[in-house]
Amino acid sequence: MKPFSTIIAHELRLALRGGGDMLTLVLFFVIVGAIVPFAVGPDKALLARIAPGIVWISAFLAMLLGLDRLFHADHEDGTLILLRQSELPLSAIVAAKVMAHWLVTALPLILASPVLAMLLAMDLETFLRTLMSLLLGTPALAAFGAIGAAVTVAIRRGGLIAPILIAPLSIPVLIFGVGTITATQSNAAMLFLAALSLMAVALAPFAAALAISSAED
Amino acid sequence: MKPFSTIIAHELRLALRGGGDMLTLVLFFVIVGAIVPFAVGPDKALLARIAPGIVWISAFLAMLLGLDRLFHADHEDGTLILLRQSELPLSAIVAAKVMAHWLVTALPLILASPVLAMLLAMDLETFLRTLMSLLLGTPALAAFGAIGAAVTVAIRRGGLIAPILIAPLSIPVLIFGVGTITATQSNAAMLFLAALSLMAVALAPFAAALAISSAED
Amino acid sequence: MTERQVYPELTLRATAFSCGRGGMVLADALSFAVTGGNCLLLRGPNGTGKSTLLLTLAGIVAPMSGHFALEGADADDGPHLHYCGHRNAIKARLSVLENLQLWATLNGATGITPSEALETVGLGDLSMLDAGYLSAGQSRRLALARLLVSERPLWLLDEPTAALDTEGHALVTRLIDGHLQRGGLVIAATHDDITLPHPNRVQTLTLVRKS
Amino acid sequence: MTERQVYPELTLRATAFSCGRGGMVLADALSFAVTGGNCLLLRGPNGTGKSTLLLTLAGIVAPMSGHFALEGADADDGPHLHYCGHRNAIKARLSVLENLQLWATLNGATGITPSEALETVGLGDLSMLDAGYLSAGQSRRLALARLLVSERPLWLLDEPTAALDTEGHALVTRLIDGHLQRGGLVIAATHDDITLPHPNRVQTLTLVRKS
Amino acid sequence: MSIETTPKQSWWNRIANPGQFVAWTGRLLWPLTILTAALFVIGLWLVFFQSPGSTPNVGTTLRILYIHVPNAWLSQFVYGIMAVSALGTLVWRHPMADVSMKAAAPLGALFTLLALFTGSLWGRPAWGTFWEWDGRMTSTLVLLFIYLGIVALWRAFDDQLRAARVIAVFTLVGAINIPIIKFSVDWWSTLHQPASVLRADGPRMPPEILTPLLVMFFAFTFLFLTLHLKAMHTEIKRRRVMTMQRRAAQGAES
Ligand code: HEM
Ligand SMILES: Nc1ncnc2c1ncn2[C@@H]1O[C@H](COP(=O)(O)OP(=O)(O)OP(=O)(O)O)[C@@H](O)[C@H]1O
Ligand SMILES: Nc1ncnc2c1ncn2[C@@H]1O[C@H](COP(=O)(O)OP(=O)(O)OP(=O)(O)O)[C@@H](O)[C@H]1O
Ligand SMILES: [Mg+2]
Ligand SMILES: [Mg+2]
């Protein structure tokens, strides 16, 4: 496992030194959530009612938009070609990168979620459930996002293509995520969410690795 | 005005031949709007109440995310340096590019708004007001977005920085845009929105041109 | 190619001029004067600031100190220079001719027509091709064609022969020579040898590494 | 640098092999065999498919037809080749040493240590510098250092001397020669002259433009 | 097309040199620190022993005001400093203006955050919630986003010298826009909320509240000035180290 953990450590180091990328993503998450009241009005009851949905949509967009450049820098500077000649199979490398990416994007975003909860007048219990659902659901978003990033890695001006490819696929995550918070059968939703995340995390690296190696350089 | 209209024509031609960028943005707009019901639940009354806000937020995000790479391709391939040596002042070039960009992003998005209105159970009158407010407000978003794009043009992995810079500055557009649809004093809001758009469109090209020439190559 | 003088008497003069990147001086205390009809070749190892000097003269990078001016030029009638850098500024999905026409309009169609220019640089039969399919050398030729569609006295060329084959080298020599004949100025950074028919029209400035 | 044979007897053999890009054949019906201790130089004008051939041998691009194999190598013990392409795969904001250490771990630290490798390529005193500030030539040296920290028999080098000065050319020659002495194989595409001490160890394959 | 840069010798130009600036202002650092500390000691003494509010609960909430109001003031004052520095960068190309602009951004974000934090701590006993979409608070939140965006922008540029002019443009655009944001947010929240919780004109303050408030106000302002100067010195040192590293990189290539 030495090379595997090396990649994780390397990605973390790059993210921590790498100029504000983490800050940007967290800000995007909070800003998207915080502009909703400007659009729907500062009615506290209404806001509290739609708060779980808003938090989830913000997280959803932030994860998808942040992930779409997961492999981009590595593709541009030639690292991806070299990674394919390393001792580790490409799918393991993808898995390590996705894991590191979850740590540097989803985790800060979850840590920032109290801010959004406060702004949107969420009560404590709802907030705790939201936290739980984000913890369970973001791995699936990261895994799906990795597939989108891999598929679009060879397209020069990727832009919004990866997010719109992946958004429809990730709607179940969103549904069960919000379901975990609000639905009457929230335990069932939580189980589904966990199962979805497990499955996505287990399978996505293979799909992403396949997509990258089919992209031919 | 020959060079000015040439740039607009050139940008339009690039966008029309340029593989699905327009389609991507419209899809993003519709998808963001369409996932809201999944997140807040399919309650028709609630959806109708927040529909104008959702349409505006979707348009807001689509415009900001689409605009942020306005000058990027031109920077990468060296066109921007040559444009600075052309007969036209840089601010006029920026203005032409922003105008063309409005035509290929905001206009398709406005044309697609009936889809979203239908999904969100908007009534006809509200929809017409929404159309009006989008027509009046998107130029301001395009102008602000151009500033964000100009400021981040030299950043290699720009990512989400331009959107998070510009989103707080564009909040007045959002407020008056939604105000035009829902507020009791919607005429005042509409006037403000038009004034804001005029001012932004008139001044932003200068700021953007200044930012581009300060970014030095 | 017309061989008569078309530009007024011009001199590019730099005095005690230094340029650099990121707060670090690269080329220091340069003083030179290039008059119409002459060519200045910039030489020196990698990273000594040749490209930076050209960008500074083009007004893209601010000089660190000193000053330079193109004497004899009327500042009112627009930019006086063509810059041709490492990147070719070519748009894929537009045809070769459309690419060139854009610049003819933007820079003023004061030179030969775009199709003639394409003939001159040897892309005549590719004018309808999508410019994204051009090879590196052909892209370079298209970039050079841009110099011909708008008449401007000062040419700043960064590695004009990069990616070109022998025939391409001869083309560059021909273009530069023609421009000098018409009274223009050329400043070119290059690692290759450029041998012009009139060696007395060539000055050389060698930049050295500072340490 | 050790001068003894460390690799088993290896032969890279390609038969009736052709490669290309985007459905277009570039190099057709190639047949060659390179044995351990020998170097194959790829030559030819721009756009004739040298880089494409190297990428194909590296397994990045699929061959159009025919096949090639590294005979004598055990497929089980991991990849047998180093590819060193146009792009240097260097991460800014990590130090030079950190960049190299990453690859030592990923490719297996079977060669000399990263700091020794940096000494060898002449970056010894820059090992703590942010790699983003390296000049083009220094970046190239760092990319070459990667070949030394993990022992692999087949080196695929695309323009190894690009951006290097004269001293750098000598370094490349020294590195290739050392690798051949140890029984390795080198396939290098280049426009420059590479003169090895043992000319009989060099084969040349010239690609031509198809039209 | 001619560009001229002739140095003029004046105090203005002399502090344009980073070394001279550090030498000149370095002497100010200690007096400023002592002054700030003294103001804080006096202010806190007034706050805890002179300010009214004997019942612990009311007294505690009242005491937040002494922190909240200075921070709210600073959150706008710092943006003013940044905007002036931005003008210095764009118009006079003054090198210290870059440094001042960069050093001010995180401090501005910090004070804005403190204003919001203390404000919401106060809001809890006052209104029963931490957050209310009131006009003043909301525009402060937007200001925080702008500060953080600027911080992120500084960090995204590799070349800090090139970043300065670009960020100066953005800072000035923000400066023009902030009044518009403030106005639109007010319009928005009054439109939806019948009456604001905060009264537009506060109750006349008795002098025993006003005095500690004023002292704390100066204490925090001087705290900012001290921190700002210190951050500028740190930034100058950092730039010097980076230039040295890069020079080493170029010198060593043979
Ligand atoms: C631009 C930003 C702000 C400024 C200039 C500001 C200024 C002030 C001033 C001068 C007072 C005293 C008013 C009086 O005596 O009635 C005050 C009170 C108060 N502020 Fe702020 N404040 C700002 C933002 C905030 C924020 C963001 C919050 C909460 C999150 C907040 C919460 C409060 C509360 C709860 C009071 C006491 C209100 C009361 O007397 O009922 N303020 N603020
Ligand atoms: N955008 C930039 N920002 C900061 N420094 C730069 C930038 N571009 C180049 N440099 C630095 O400036 C120095 C000179 O670069 P320049 O491109 O002018 O050299 P050159 O003489 O043209 O070299 P070459 O022969 O490789 O073209 C290099 O050391 C490089 O590190
Ligand atoms: N990613 C790609 N997709 C499709 N075609 C490509 C791609 N990369 C290169 N080509 C085409 O393949 C041809 C050969 O390119 P290649 O890079 O192999 O040439 P080369 O011999 O290495 O040239 P050079 O001497 O310039 O390095 C070129 O004509 C180019 O247009
Ligand atoms: Mg150069
Ligand atoms: Mg090649």
Side-chain angles (χ1 to χ4, degrees), chain A residues 18-21 23-32 34-41 43 46 49-58 60-62 64-66 68-69 72-73 76-77 155-165 167-168 170-172 174-175 177-179 181-183, chain B residues 18-21 23-32 34-41 43 46-47 49-58 60-62 65-66 68-69 72-73 76 155-165 167-168 170-175 177-179 181-183:
Chain A
D21 260 17
L23 176 63
T24 310
L25 208 77
V26 171
L27 267 178
F28 184 81
F29 170 69
V30 175
I31 286 178
V32 169
I35 61 173
V36 170
F38 293 111
V40 304
D43 174 347
L46 176 68
R49 167 137 184 234
I50 60 176
I54 295 177
V55 172
W56 255 97
I57 289 183
S58 306
F60 188 80
L61 289 178
L64 293 191
L65 291 169
D68 103 278
R69 304 195 89 61
H72 203 258
E76 296 272 279
D77 71 5
I155 300 177
R156 249 165 303 142
R157 22 212 241 103
L160 294 174
I161 295 198
I164 66 159
L165 276 179
S170 319
I171 281 183
L174 187 68
I175 293 177
V178 178
I181 310 175
T182 55
Chain B
D21 258 19
L23 180 63
T24 312
L25 209 77
V26 171
L27 273 177
F28 183 81
F29 169 69
V30 175
I31 287 178
V32 170
I35 60 175
V36 170
F38 292 109
V40 302
D43 174 346
L46 176 67
L47 281 181
R49 167 143 182 228
I50 61 176
I54 294 176
V55 173
W56 254 98
I57 288 185
S58 308
F60 188 82
L61 289 177
L65 292 169
D68 98 283
R69 300 194 93 61
H72 204 260
E76 296 271 280
I155 298 175
R156 250 165 301 141
R157 22 212 241 103
L160 293 175
I161 290 207
I164 65 153
L165 281 176
S170 316
I171 281 180
V173 183
L174 188 66
I175 290 179
V178 179
I181 310 174
T182 56

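Residue numbering restarts at 1 for every chain, and letters A, B, ... go by the order of the sequence lines.
- Heavy-atom minimum distance, A:Val178 versus B:Ala39: CG1-O, 3.0 Å.
- In this structure, CD1 on B:Ile161 lies 11.0 Å from CG on A:Leu25, to the nearest 0.5 angstrom.
- Separating the CG atom in A:Asp43 from the CD1 atom in B:Ile50 is a distance of 11.5 Å, to the nearest 0.5 Å.
- Of the listed residues (B:Ile54, B:Ile181, B:Val55, B:Leu174), the one with the most heavy-atom contacts under 4.5 Å to chain A is B:Leu174.
- For the options B:Val40, B:Ile171, B:Ile175, heavy-atom pairs under 4.5 Å to chain A are most numerous at B:Ile171.
- Both the backbone and the side chain of A:Leu27 come within contact range of chain B, with heavy atoms under 4.5 Å apart.
- The closest side-chain heavy-atom distance from B:Leu46 to A:Leu46 is below 4.5 Å.
- Heavy atoms of A:Leu165 lying under 4.5 Å from chain B are absent altogether.
- For B:Val32, the part lying near chain A is the side chain, with the backbone staying farther off; criterion is any non-hydrogen pair under 4.5 Å.
- In terms of heavy-atom proximity, A:Leu65 sits nearest to B:Phe28 at CD2-CE1, 4.5 Å.
- Most heavy-atom pairs under 4.5 Å with chain A, from the set B:Gly41, B:Ala34, B:Gly53, B:Ala51: that is B:Gly53.
- For the side chain to side chain contact (heavy atoms under 4.5 Å, CB included) with B:Ile164, the qualifying choice from A:Thr24, A:Leu23, A:Val26 is A:Thr24, the only one to do so.
- The two residues A:Gly66 and B:Leu160 have their closest heavy-atom pair at N-CD1, 4.5 Å.
- Neither the backbone nor the side chain of B:Pro52 comes within less than 4.5 Å of any heavy atom of chain A.
- No side-chain heavy atom of B:Trp56 sits less than 4.5 Å from a side-chain heavy atom of A:Ile35.
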